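Computed over heavy atoms, backbone and side chain alike; hydrogens, waters and symmetry mates excluded. Since we're looking at a predicted model, the values are computed, not measured. One-based numbering, in listed order, for ligands and for the atoms of each.
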Amino acid sequence: MPSSPRLQGKTALITGASRGIGRAVAERFAAEGADVVITHIRDHSISETFIQNLINISHSAGFPGRHLAFEADVADPAAAGATLQRVVAHFGRLDCLINNAGIQAPTPGDDWDDATFARIIDVTLMGAARMSRAALRHFQSRPGGGNIINTSSVHEIIPKPGFLAYSMAKGGLGNLTRTLALEFAASGIRVNAVAPGAVVTDMNASWAQDPEARARVEAHIPLGYAATPEEIAGVFAFLASQDASYITGQTLHACGGLTLFGEFRTNWAS
Ligand code: NAP
């Protein structure tokens, strides 16, 4: 838990936050004093329980806890503007946008269908671009700058064979981050990304709940284990806070060392 409430008085919007990393980020932001809006695409009853949990977290930390959840598909071109309008109508302003919604499915380079490929790009990359456009317009419409954090992946820089669309989407998020950071730095708007490695969430259900498969995955991670969503959430809180006031245009890899060329742990070349 944080030692000081770094996000008190801030309003944060987190896409795809009913589960996994987004959920942990929402909880961490509530604990640090933020008003949190989460979006998701399925089952509203999840979000009602979720919001009550966020309110409890805020109250335990001494904050009023004004939180909101609603369905919004980031791949819907109309959703970004409507979501921003709803946040501003409810809270008066938005300070921090977290583009977290993302999906993956196999798309081998020589065997993918257009609909699956387009959906992955639309949710994971275009959703972030559209939400950012709406947030940037809002940030510039009032004083105080703003903050955008994209949930990237180690696959922003490490290829993921068999998952072409996901690799392209995460690679694109890197350039979305850097381009917007440069374009809007003079307006006091910071844009960064967090790039997790392997995190225990539903997205990794195929190996996370199977001890043998999980051991195989974890053997590739220099720190030796897959992260909890909570370990990743702290990085978002840091980037959203004044502690990161001089950081923009960066992808911060929270990956247990996966981006350190683990195959070279012992020298095999010379
Ligand atoms: P997850 O547990 O599968 O949760 C995905 C979340 O995204 C859910 O809240 C889901 O909402 C929401 N979502 C899916 N499609 C959406 C859409 N079209 N519009 C709005 N929300 C949508 O995923 P996760 O593992 O936490 O991943 C979150 C982000 O981290 C993704 O961008 C992923 O690429 C990235 N990431 C994950 C890992 C990892 O190891 N887990 C590693 C690197 C990067 P519903 O509950 O309504 O379905």
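Near R42, meaning under 4.0 Å from one of its heavy atoms, ligand 1 places the atoms 45 (P), 47 (O), 48 (O).
Considering only non-hydrogen atoms, atom 48 (O) of ligand 1 lies nearest to R19 out of Q104, R19, H40, E71. Here the shortest heavy-atom distance to atom 15 (N) of ligand 1, taken over I41, N99, T124, V25, belongs to I41. Across the listed options V74, I232, I38, I21, I21 owns the non-hydrogen atom lying nearest to atom 37 (C) of ligand 1.
When heavy-atom distances to ligand 1 are checked against a 4.0 Å cut-off, R23 has no atom that comes that close, whether in backbone or side chain.
Residues that satisfy the ring-ring contact (aromatic ring centres under 6.0 Å, His included) test with F117, not counting sequence neighbours, are W112.
Put simply, the side chain of V37 does not reach to within 4.5 Å of the side chain of D35, judged on heavy atoms.
Looking only at protein heavy atoms, the nearest one to atom 32 (O) of ligand 1 is N100 O, 2.8 Å.
Residue T151 places a heavy atom less than 4.0 Å from ligand 1.
At distances below 3.5 Å, not a single donor-acceptor pair connects side-chain atoms of N99 with backbone N or O atoms of M131. When atom types are taken as modelled, the side chain of T15 and the backbone of N100 share a donor-acceptor pair closer than 3.5 angstrom.
Residue pairs meeting the ring pair (Phe, Tyr, Trp, His ring centres under 6.0 Å) criterion with at least one member in residues 231-270, sequence neighbours excluded, are F264-W268.
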